[in-house]
Amino acid sequence: MRRLCVLAAAAALLASCAKTPKKEGALAQALSAALHSPPCAGAVPGNWTASIPVPLRQGGGREFAVFFYALPERLGDRRMGTASGRAVVALGADKALSCARGSGSRPALDLLERFSPAALRLGVPGIQEKRAELLSLDEQVGAAYASGRPPGALAARFADLFSLLAEPPFLRDYGRLNPGFWLWLKGQGAALPAGLF
């Protein structure tokens, strides 16, 4: 019974997370625009979603890297895809700076693995609220990373939210997007989730 409840929650989250929030921050807007415009549109299938953006040093803190993975196309499907591809998005841009599909997202993972148990306990509104906060912090921490200035308390809060919302099977993939960022964040005293490296 508990497994059915968790599956129902995962399906509800899947449906609601696909909807566009009423008010998006700059990073959420850049990510949405990138996925619906070339070079990503056409290269990345419509049922693939992007990861949490990871800051890059170039572009003055305005550039972020993401990977992709497939979500179920039909309600009731219990498989999600493996991580694949890479794109670089920039704040204020209406398309990705670069985008590659990679080897393909294979449906090899249980949909229940998409969210940590702690994230599932938040429910749909809670996850959406925390994700919006994480993306806002992502912008601020990215600017600090690019400029070399200390992020202060932002580092710990970003790491906490990332640990809560990052898809557990993809931690190593997040680490690969920009190892230098994670090492810098750790050097700021942030506690990172096990499995990034």
Side-chain angles (χ1 to χ4, degrees), residues 1-21 27-28 31-32 34-35 40 43-55 64-87 89 99-135 137-138 157-179 181-182 185-186 190-197:
M1 182 64 168
R2 184 182 186 285
R3 188 167 178 83
L4 285 174
C5 290
V6 173
L7 275 173
L13 288 169
L14 174 63
S16 67
C17 289
K19 295 177 184 172
T20 304
L27 184 52
L31 192 56
S32 179
L35 290 174
C40 283
V44 176
N47 68 313
W48 288 21
T49 190
S51 67
I52 297 165
V54 174
F64 301 81
V66 296
F67 58 82
F68 305 98
Y69 61 95
L71 291 174
E73 294 187 81
R74 296 180 300 273
L75 195 61
D77 282 358
R78 294 181 42 195
R79 307 305 283 175
M80 68 176 186
T82 54
S84 182
R86 177 186 170 102
V89 300
C99 190
R101 177 182 171 131
S103 60
S105 179
R106 299 179 316 281
L109 300 170
D110 191 320
L111 183 59
L112 293 176
E113 298 176 31
R114 184 178 183 200
F115 297 104
S116 68
L120 280 173
R121 284 193 293 273
L122 292 173
V124 174
I127 286 179
Q128 290 177 332
E129 181 181 331
K130 298 292 185 190
R131 182 173 170 82
E133 182 184 354
L134 176 60
L135 292 181
L137 285 170
D138 212 342
R157 182 63 182 155
F158 174 86
D160 287 347
L161 284 175
F162 176 81
S163 297
L164 175 68
L165 297 177
E167 305 86 337
F170 302 143
L171 288 175
R172 190 166 298 242
D173 299 291
Y174 278 109
R176 289 184 188 122
L177 282 177
N178 184 5
F181 169 73
W182 300 111
L185 196 63
K186 186 176 181 180
L192 300 177
L196 275 173
F197 300 105

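Please read these numbers as outputs of a predicted model, since none were measured by experiment. Only this structure's heavy atoms are used, side chains among them; waters, hydrogens and symmetry mates stay out. The first residue of the sequence shown is numbered 1, and numbering continues consecutively from there.
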How long is the span from the [atom1] atom in [X] to the [atom2] atom in [Y], to the nearest 0.5 Å?
X    : Y    : atom1 : atom2 : answer
D138 : F162 : CG    : CZ    : 9.0 Å
D173 : S84  : CG    : OG    : 9.5 Å
F158 : L134 : CZ    : CG    : 5.5 Å
R74  : N47  : CZ    : CG    : 10.0 Å
M80  : L111 : CE    : CG    : 6.5 Å
R114 : L109 : CZ    : CG    : 12.0 Å

Taking every non-hydrogen atom, the tightest pair across [X] and [Y]:
X    : Y    : value
L171 : A166 : CD2-CB, 4.0 Å
L164 : A118 : CD1-CB, 3.6 Å
F67  : A83  : CD1-CB, 3.7 Å
S51  : L31  : O-CD2, 4.2 Å
P53  : F64  : CB-CB, 3.7 Å
S105 : A70  : OG-N, 2.8 Å

Could I get the full list of ring pair (Phe, Tyr, Trp, His ring centres under 6.0 Å) partners for Y69, not counting sequence neighbours?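 By the ring pair (Phe, Tyr, Trp, His ring centres under 6.0 Å) rule, Y69 matches F170.
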
Under 3.5 Å donor-acceptor, [X] side chain and [Y] backbone:
X    : Y    : answer
R86  : G102 : no
S163 : A159 : yes
W182 : Y174 : yes

Validation row: P55, N178 side chains within 4.5 angstrom (heavy atoms):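 P55 does not reach N178 side chain to side chain.
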
Any chance CZ of R79 has more than 12 other-residue heavy atoms, nucleotides or ligands included, within less than 6.0 Å?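 Yes.
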
